Peer 1: 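There's a structure below that I have some questions on.
Computed from a predicted model, the values in this text were never measured in an experiment. Letters A, B, ... are given to chains in the order of the sequence lines, protein chains preceding strands, and every chain is numbered from 1.
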2 protein chains.
Amino acid sequence: MENYQIDNLDKQILNALMANARTPYAELAKRFAVSAGTIHVRIEKMKQANIITGTQVSINAKQLGYDVCCFIGINLNNARDYPDTLLHLKELEEVVEAYYTTGNYSIFIKVMARSIDHLQDVLINKIQAIEAIQSTETLISLQNPISRAVVP
Amino acid sequence: MENYQIDNLDKQILNALMANARTPYAELAKRFAVSAGTIHVRIEKMKQANIITGTQVSINAKQLGYDVCCFIGINLNNARDYPDTLLHLKELEEVVEAYYTTGNYSIFIKVMARSIDHLQDVLINKIQAIEAIQSTETLISLQNPISRAVVP
DNA sequence: TATGAAAGACCGCTCCC
DNA sequence: GGGAGCGGTCTTTCATA
């Protein structure tokens with residue numbers, strides 16, 4: 001369940017599945033010159049080892065009307081307000097990622113919004129409305145030129 | 001190919017597929033009280049409309065030995081160095097995301113590393129070695145309590 | 001035009017080698 | 001790790017409203 005040292009074949013399978021989770025086993029088998037049964041065993045092992053945690057469709061947020069992507073660094077009045085602030089942030093569907101960080105900010109979040117107006121509304125009326133938040137800094141993303149997973 | 005206004009059923013399908021891209025059509029059909037054919041038609045349309053762009057497995061970076069996640073804000077000597085710097089960053093497999101941003105930093109990147117030592121090596125010997133980079137600020141993520149997609 | 005039902009092809013799972 | 005058969009799923013087609 002815990003540890004499994006992956007080998008080269010596993011890496012190749014992972015890379016293929018990260019590009020397309022529905023690649024047929026037979027195709028993977030052909031591509032890597034092994035049998036489909038082997039592919040199945042390897043994938044099953046990686047699922048057991050919690051390396052593969054699931055599958056998901058990639059969706060294009062822009063096509064759904066979410067044009068604006070930004071990061072917001074949050075400073076709290078007190079570090080102990082963290083759990084409570086997190087609960088508030090979780091309720092905001094525009095907040096898609098949150099990180100508890102060392103450095104300039106206490107919490108660092110990624111926000112997706114439909115427009116600059118929408119972002120402004122979220123920032124002022126929802127995020128900055130949270131009492132524990134002392135100040136915020138916004139970084140608007142104009143472009144996302146790199147987006148990939150770790151290479152095993 | 002371009003625009004397609006999604007309805008409530010599409011949203012439900014999307015949400016289900018974001019949790020599990022391999023959910024059988026028959027199960028979606030049962031869950032949403034329509035036929036499997038309808039599910040198929042809707043998914044096909046969303047693919048055509050470029051809303052669904054693909055499928056991918058979710059992998060657990062920690063199980064692959066990548067324990068450290070951090071964000072690095074980069075300041076450039078000159079804004080015009082951006083394209084060149086990006087090319088350098090692309091070559092570093094530890095750099096998994098990059099954003100061109102307005103605000104405090106020119107470029108904002110997400111880095112995955114195997115350890116603090118590894119991160120230090122990447123930061124000093126690879127990132128700060130890029131000539132166009134003037135200064136960097138590192139935010140180490142201790143926790144990632146929210147990670148989800150936009151809700152359509 | 002979109003839905004619903006059925007048939008065929010394909011894929012993944014399991015067993016045995 | 002490789003190969004074959006079974007069961008299930010996806011895709012396609014056609015009829016219908």
Side-chain angles (χ1 to χ4, degrees), chain A residues 1-66 148-152, chain B residues 1-61 63-65 148-152:
Chain A
M1 173 70 188
E2 280 85 38
N3 280 331
Y4 169 58
Q5 200 56 39
I6 66 172
D7 68 6
N8 201 47
L9 176 59
D10 294 316
K11 289 183 191 179
Q12 291 178 302
I13 294 172
L14 271 185
N15 276 309
L17 291 182
M18 283 195 296
N20 179 9
R22 306 191 85 140
T23 316
Y25 289 14
E27 189 186 324
L28 295 174
K30 204 174 72 180
R31 200 185 301 174
F32 305 134
V34 294
S35 77
T38 302
I39 300 289
H40 178 246
V41 170
R42 297 306 190 96
I43 290 179
E44 208 55 38
K45 274 189 187 174
M46 289 194 282
K47 282 183 186 168
Q48 289 299 317
N50 215 30
I51 292 171
I52 294 177
T53 56
T55 62
Q56 54 187 56
V57 292
S58 324
I59 67 172
N60 187 340
K62 275 197 181 165
Q63 293 290 340
L64 290 176
Y66 285 81
R148 61 190 174 197
V150 288
V151 180
Chain B
M1 171 74 186
E2 279 85 38
N3 280 330
Y4 169 58
Q5 200 56 39
I6 67 171
D7 68 7
N8 201 47
L9 176 59
D10 294 316
K11 289 183 192 179
Q12 291 178 302
I13 294 172
L14 272 185
N15 276 309
L17 291 181
M18 285 194 295
N20 178 9
R22 306 190 86 140
T23 316
Y25 289 13
E27 189 186 324
L28 295 174
K30 203 173 74 177
R31 201 186 300 176
F32 306 134
V34 294
S35 78
T38 303
I39 300 289
H40 177 244
V41 170
R42 297 306 189 97
I43 290 179
E44 209 54 39
K45 276 191 183 173
M46 290 194 282
K47 282 183 185 166
Q48 290 298 318
N50 215 29
I51 291 171
I52 294 176
T53 56
T55 61
Q56 54 187 58
V57 292
S58 324
I59 67 170
N60 186 341
Q63 293 292 338
L64 290 176
R148 60 190 174 196
V150 288
V151 180

Peer 1: Checking B/S35 now: which residues fulfil side chain to side chain contact (heavy atoms under 4.5 Å, CB included) with it, not counting sequence neighbours?
Peer 2: B/T38
Peer 1: Looking at every non-hydrogen atom in both residues, tell me the closest pair between B/Q63 and A/I51 and how far apart they are.
Peer 2: CB-CG1, 3.7 Å
Peer 1: Establish, with yes or no, whether the OP1 or OP2 oxygen of D/dT9 is under 4.0 angstrom from a side-chain nitrogen or oxygen of B/R22.
Peer 2: no
Peer 1: Could you tell me the separation between the OG1 atom of A/T53 and the CD1 atom of B/I59, rounded to the nearest 0.5 Å?
Peer 2: 8.5 Å
Peer 1: Nearest 0.5 Å please: distance from the CD atom of B/E44 over to the CD1 atom of B/I39.
Peer 2: 13.0 Å
Peer 1: What closest approach, in Å, do A/P152 and A/I6 show between heavy atoms, and which atom pair accounts for it?
Peer 2: CB-CD1, 4.0 Å
Peer 1: Could you go through A/Y25 and A/R42, starting from their C-alpha distance and side-chain angles, then the distance that decides it, and tell me whether this counts as side-chain contact (heavy atoms from CB on, under 4.5 Å)?
Peer 2: CA-CA 11 Å; A/Y25 289 14; A/R42 297 306 190 96; over 6 Å; no
Peer 1: Roughly how far, to the nearest 0.5 Å, is the CD atom of A/Q5 from the CG atom of B/L64?
Peer 2: 9.5 Å
Peer 1: Backbone N or O of A/Q12 within a donor-acceptor pair of the A/N15 side chain at under 3.5 Å?
Peer 2: no
Peer 1: Going 5' to 3' along DNA chain C, which are the first and last nucleotides with any atom under 4.0 Å from a heavy atom of chain A?
Peer 2: C/dC11 to C/dT14
Peer 1: Which pairs, with at least one residue in residues 22-39 of chain A and sequence neighbours excluded, count as a salt bridge (charged side-chain N to carboxylate O under 4.0 Å, His left out)?
Peer 2: A/E27-A/R31
Peer 1: Please report the interatomic distance CE(B/M46) to CD(B/Q48), rounded to the nearest 0.5 Å.
Peer 2: 12.0 Å
Peer 1: Taking B/L17 as the fixed residue, which of B/N20, B/I13, B/L14 is the one that meets the side chain to side chain contact (heavy atoms under 4.5 Å, CB included) rule?
Peer 2: B/I13
Peer 1: Please report the closest heavy-atom contact between A/A29 and A/A36, naming both atoms and the distance.
Peer 2: CB-N, 3.5 Å
Peer 1: When the distance from CD1 of B/I43 to C1' of D/dC10 is rounded to whole Å, what number comes out?
Peer 2: 10 Å
Peer 1: Got a sec? Which of residues 24-35 of chain B come in under 4.0 Å of DNA chain D, heavy atoms?
Peer 2: B/P24, B/Y25, B/A26
Peer 1: Tell me which of B/G37 and A/A36 sits closer to the 5' end of DNA chain D, going by the nucleotide each one is nearest to.
Peer 2: A/A36
Peer 1: Please report, rounded to the nearest Å, how far the P atom of D/dG1 is from the CG atom of A/L9.
Peer 2: 8 Å
Peer 1: Looking at CD1 of B/I52 and NZ of B/K45, how far apart are the two atoms once the value is rounded to the nearest 0.5 Å?
Peer 2: 13.0 Å
Peer 1: If you fit an axis to the five pairs at each end of the helix from C/dT1-D/dA17 to C/dC17-D/dG1, how big is the angle between those two axes, to 10 degrees?
Peer 2: 20°
Peer 1: Using a 4.0 Å cut-off on heavy atoms, which residues in residues 52-59 of chain A reach DNA chain C? List them by number, or say none.
Peer 2: none
